[in-house]
Amino acid sequence: MSDTPHESESSSPTMPSDVSPRVGRFDRLSSRAAKFTGRPGYFVFCALLVLAWAPTVIWFEKLTWHLIIHTVTTIITFLMVALLQNSETRNDAALQHKLNAVADALADILDRLPADDDEEAARRRHELHRAVGLEDDESV
């Protein structure tokens with residue numbers, strides 16, 4: 001990357017205005033799942049499911065009884081991890097776009113202030129410009 005003050009213009013990080021408002025079906029599903037599972041009602045549902053399962057020990061062999069709850073909870077956990085990870089990744093990206101916009105605007109404001117000979121202020125302005133889009137360089 002270059003060391004120019006307006007590095008953000010050349011690397012063109014994604015800013016909020018660059019983000020498409022269109023959301024896919026899976027993204028909508030994961031958002032609804034995240035909202036639903038984050039509410040007390042979902043916890044109550046899970047607790048009731050365990051309470052409904054517990055007395056079934058009288059109808060099943062002990063191994064079958066354990067297998068039922070382990071299978072159900074493993075499947076639910078497996079699916080929820082995928083849905084919630086999608087939602088978290090999109091939320092993190094949205095937050096990063098907002099931070100990029102704030103850092104870029106603040107750096108531009110600092111550039112328009114009267115020039116001073118303070119090396120520390122110049123270094124901070126330079127670092128602020130470099131911060132915009134930094135997540136692209138640090139991401140794996």
Quick one: do [X] and [Y] end up in the same hydrophobic cluster if we chain Ile, Leu, Val, Met, Phe, Trp and Tyr together by side-chain heavy atoms under 4.5 Å apart?
| X | Y | value |
| --- | --- | --- |
| Leu29 | Ile76 | yes |
| Leu48 | Phe45 | no |
| Leu63 | Ile58 | no |
| Phe43 | Trp53 | no |
| Phe26 | Met80 | yes |

**OP:** Evaluate side chain to side chain contact (heavy atoms under 4.5 Å, CB included) for Leu49 paired with Thr73, printing each intermediate quantity in order.
**Re:** CA-CA 10 Å; Leu49 182 64; Thr73 56; 5.9 Å; no
For a quick test of reading the model, state the closest non-hydrogen atom pair linking [X] to [Y] and the distance between them.
| X | Y | answer |
| --- | --- | --- |
| Ser31 | Ser87 | CA-OG, 4.5 Å |
| Ser30 | Asp27 | OG-O, 3.0 Å |
| Thr64 | Phe60 | CG2-CD2, 4.0 Å |
| Pro55 | Ala52 | CD-O, 3.4 Å |

Subject >> Polar side-chain atom of Thr74 near backbone of Thr71 as donor-acceptor pair, under 3.5 Å >> reply: no
**OP:** Mark yes or no for whether Trp65, through its side chain, and Trp59, through its backbone, hold a donor-acceptor pair below 3.5 Å.
**Re:** no
**OP:** Would you please name every residue forming a ring pair (Phe, Tyr, Trp, His ring centres under 6.0 Å) with Tyr42, sequence neighbours left out?
**Re:** Phe36
Original post:
Hey, what do you get for NZ (Lys62) to NE2 (His66), rounding to the nearest 0.5 Å?
Top reply: 4.5 Å
Original post:
Got a second to check how far Leu99's CG is from Leu106's CG, nearest 0.5 Å?
Top reply: 12.0 Å
**OP:** State, yes or no, whether a side-chain contact exists between Leu84 and Thr37 at a heavy-atom distance under 4.5 Å.
**Re:** yes
**OP:** Applying side chain to side chain contact (heavy atoms under 4.5 Å, CB included), run through Ile68 and Thr56 and close with a yes or a no.
**Re:** CA-CA 10 Å; Ile68 290 171; Thr56 63; 5.6 Å; no
Subject >> Arg28, CZ: over 12 other non-hydrogen atoms inside 6.0 angstrom >> reply: yes
